[in-house]
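Scroll down for the structure; my scribbles are underneath it.
Order of appearance sets the numbers: ligands from 1, and atoms from 1 within every ligand. Please read these numbers as outputs of a predicted model, since none were measured by experiment.
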Amino acid sequence: MTDQPKAILRDFPDHLETERLILRAPRPGDGAAGNEAIRESARELQPWMPWANPLPTPEDTEEVYRRMAAQWLMRESLPLILLRKEDGLFVGGSGLMCRDWNVPFFEIGYWVRTSLQGQGYITEAVLAQTRFAFDVLGARRIEIRCDARNTRSARVAERAGYTLEGRLRHFVRAVDGTLADILIYALTADD
Ligand SMILES: CC(C)(COP(=O)(O)OP(=O)(O)OC[C@H]1O[C@@H](n2cnc3c(N)ncnc32)[C@H](O)[C@@H]1OP(=O)(O)O)[C@@H](O)C(=O)NCCC(=O)NCCS
C-alpha cells in the first residue's frame with residue numbers, strides 16, 4: 001500500500017525558469033531546432049549517447065519530441081528542452097526520468113550543445129530540476145548516473161552537490177562496445 005497519489009493525476013507545471021534558461025516539456029515543432037543542436041554536437045554526444053548513433057534526422061528528432069510530449073502527459077518521464085531566455089536559442093536537453101513514483105525517485109540526464117559548453121547552463125538546469133523535484137514533486141531521492149570515463153558529466157553532478165554513492169563495475173556496454181563502469185551520484189530529501 002502507498003499513500004502516494006496516482007502519477008497521472010498529479011498536477012504540476014510543464015516548464016521551469018532559471019536566471020538564463022527556460023526549461024520546458026518538448027512540443028510538436030521543436031524537432032528542427034533540437035536536431036540542429038544535436039548535429040552541431042555530434043562529436044561530444046556520440047561517445048556517450050546511444051540515441052546519437054547514428055545521428056538522427058530532423059524528422060527522427062521531431063518524432064522523439066512528440067513521444068516525449070506524450071510521456072510527459074502520462075508522467076512516465078519528464079523530459080525538458082532547454083532554451084536560452086534572451087533569444088530562445090536551443091541550448092540542450094535534460095529532464096527527470098521517473099524511476100519510482102512510489103518513493104518518489106527520479107534520475108536526471110542532460111546534454112548541452114557544443115557551442116554553449118563550459119558556461120554553466122547544465123549545472124543551472126540540474127539545480128532547478130533538483131529543487132522542482134524535491135519541492136513540487138515530493139522527491140525523496142534523485143540520481144545522476146554517468147560512465148566513469150565521462151568526467152565532464154561527473155563534474156556536473158559534483159558541482160550540483162550530489163554525493164558519489166558507488167561505482168557499478170562492468171555495468172553496461174558503452175557505445176563503442178567496451179564495458180563501462182557507471183558512477184551513481186545521488187541526493188536525498190534528508191541531505
Ligand atoms: C556533460 C555535459 C552536459 C557537461 O557540460 P558542461 O558545459 O561542462 O556543464 P555546465 O553547463 O554545467 O558548465 C560547467 C562548466 O562551465 C564553467 N562555468 C562557466 N560559467 C559558469 C557558471 N555561471 N556556473 C557554473 N559553471 C560555469 C564551469 O567552470 C565548468 O567548466 P569546467 O568543468 O571546465 O570546470 C556536456 O559535456 C555534454 O553535453 N556532453 C555530452 C553528453 C553527455 O555526456 N551527457 C551526460 C551523460 S551521463
Side-chain angles (χ1 to χ4, degrees), residues 16-24 26 30 33-56 60-61 64-65 68 71 77-99 105-133 141-187:
L16 313 175
E17 210 173 310
T18 65
E19 190 191 337
R20 296 179 294 171
L21 295 171
I22 303 284
L23 297 76
R24 68 159 172 80
D30 286 329
N35 188 262
E36 194 241 324
I38 291 168
R39 293 187 159 264
E40 169 194 300
S41 314
R43 203 142 55 103
E44 283 73 21
L45 292 174
Q46 286 189 319
W48 312 114
M49 311 306 246
W51 54 259
N53 298 277
L55 273 184
D60 295 334
T61 306
V64 166
Y65 288 158
M68 285 179 169
Q71 287 168 350
S77 180
L78 306 176
L80 292 160
I81 60 167
L82 316 182
L83 304 172
R84 192 161 64 182
K85 241 188 202 175
E86 63 176 86
D87 56 5
L89 181 67
F90 194 103
V91 171
S94 189
L96 293 150
M97 281 169 264
C98 306
R99 296 284 299 276
F105 160 32
F106 301 91
E107 179 183 340
I108 298 182
Y110 40 74
W111 66 274
V112 68
R113 73 184 301 155
T114 299
S115 54
L116 296 182
Q117 199 169 243
Q119 297 185 41
Y121 285 114
I122 296 301
T123 302
E124 192 170 314
V126 167
L127 289 172
Q129 289 172 84
T130 301
R131 277 193 304 275
F132 175 71
R141 174 180 175 81
I142 310 172
E143 272 188 10
I144 293 176
R145 293 182 167 217
C146 66
D147 188 313
R149 297 168 293 191
N150 193 346
T151 50
R152 286 201 85 97
S153 181
R155 281 210 296 272
V156 170
E158 284 159 12
R159 208 178 295 111
Y162 282 64
T163 299
L164 179 61
E165 287 189 337
R167 180 181 185 117
L168 304 177
R169 294 172 302 155
H170 289 185
F171 193 65
V172 290
R173 285 273 170 204
V175 172
D176 66 0
T178 57
L179 280 171
D181 292 359
I182 296 296
L183 301 182
I184 300 191
Y185 288 89
L187 263 186

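Shown here are the ring-ring contact (aromatic ring centres under 6.0 Å, His included) partners of Y65, two or more places apart in sequence or in another chain: there are none. Under the salt bridge (charged side-chain N to carboxylate O under 4.0 Å, His left out) criterion, D176 pairs with no residue at all, not counting sequence neighbours. With sequence neighbours excluded, the residues that form a ring-ring contact (aromatic ring centres under 6.0 Å, His included) with W111 are W51.
Seen from the ring of Y121, R20 counts as a face-on cation partner, given the 6.0 Å and 45° thresholds. Relative to the six-membered ring of F106, R99 misses at least one condition, a distance below 6.0 Å or an angle of at most 45° to the axis.
A salt bridge does not link R24 to E17: none of the charged nitrogens lies less than 4.0 Å from a carboxylate oxygen.
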Measure and list all N/O to N/O distances between ligand 1 and the protein that fall under 3.5 angstrom.
residue  : atom   : partner : partner atom : Å
ligand 1 : 7 (O)  : G118    : N            : 2.7
ligand 1 : 8 (O)  : R152    : NE           : 3.0
ligand 1 : 8 (O)  : R152    : NH2          : 3.0
ligand 1 : 11 (O) : G120    : N            : 3.4
ligand 1 : 11 (O) : Y121    : N            : 3.1
ligand 1 : 11 (O) : I122    : N            : 2.9
ligand 1 : 12 (O) : T123    : N            : 2.9
ligand 1 : 12 (O) : T123    : OG1          : 2.5
ligand 1 : 12 (O) : R159    : NH1          : 3.3
ligand 1 : 13 (O) : G120    : N            : 3.0
ligand 1 : 16 (O) : G118    : O            : 3.0
ligand 1 : 16 (O) : Q119    : N            : 3.3
ligand 1 : 16 (O) : G120    : N            : 3.3
ligand 1 : 20 (N) : Q119    : O            : 3.4
ligand 1 : 33 (O) : R155    : NE           : 2.8
ligand 1 : 33 (O) : R155    : NH2          : 3.1
ligand 1 : 33 (O) : R159    : NH2          : 2.9
ligand 1 : 37 (O) : Q117    : OE1          : 2.7
ligand 1 : 39 (O) : V112    : N            : 2.9
ligand 1 : 44 (O) : N150    : ND2          : 2.7
ligand 1 : 45 (N) : Y110    : O            : 2.8

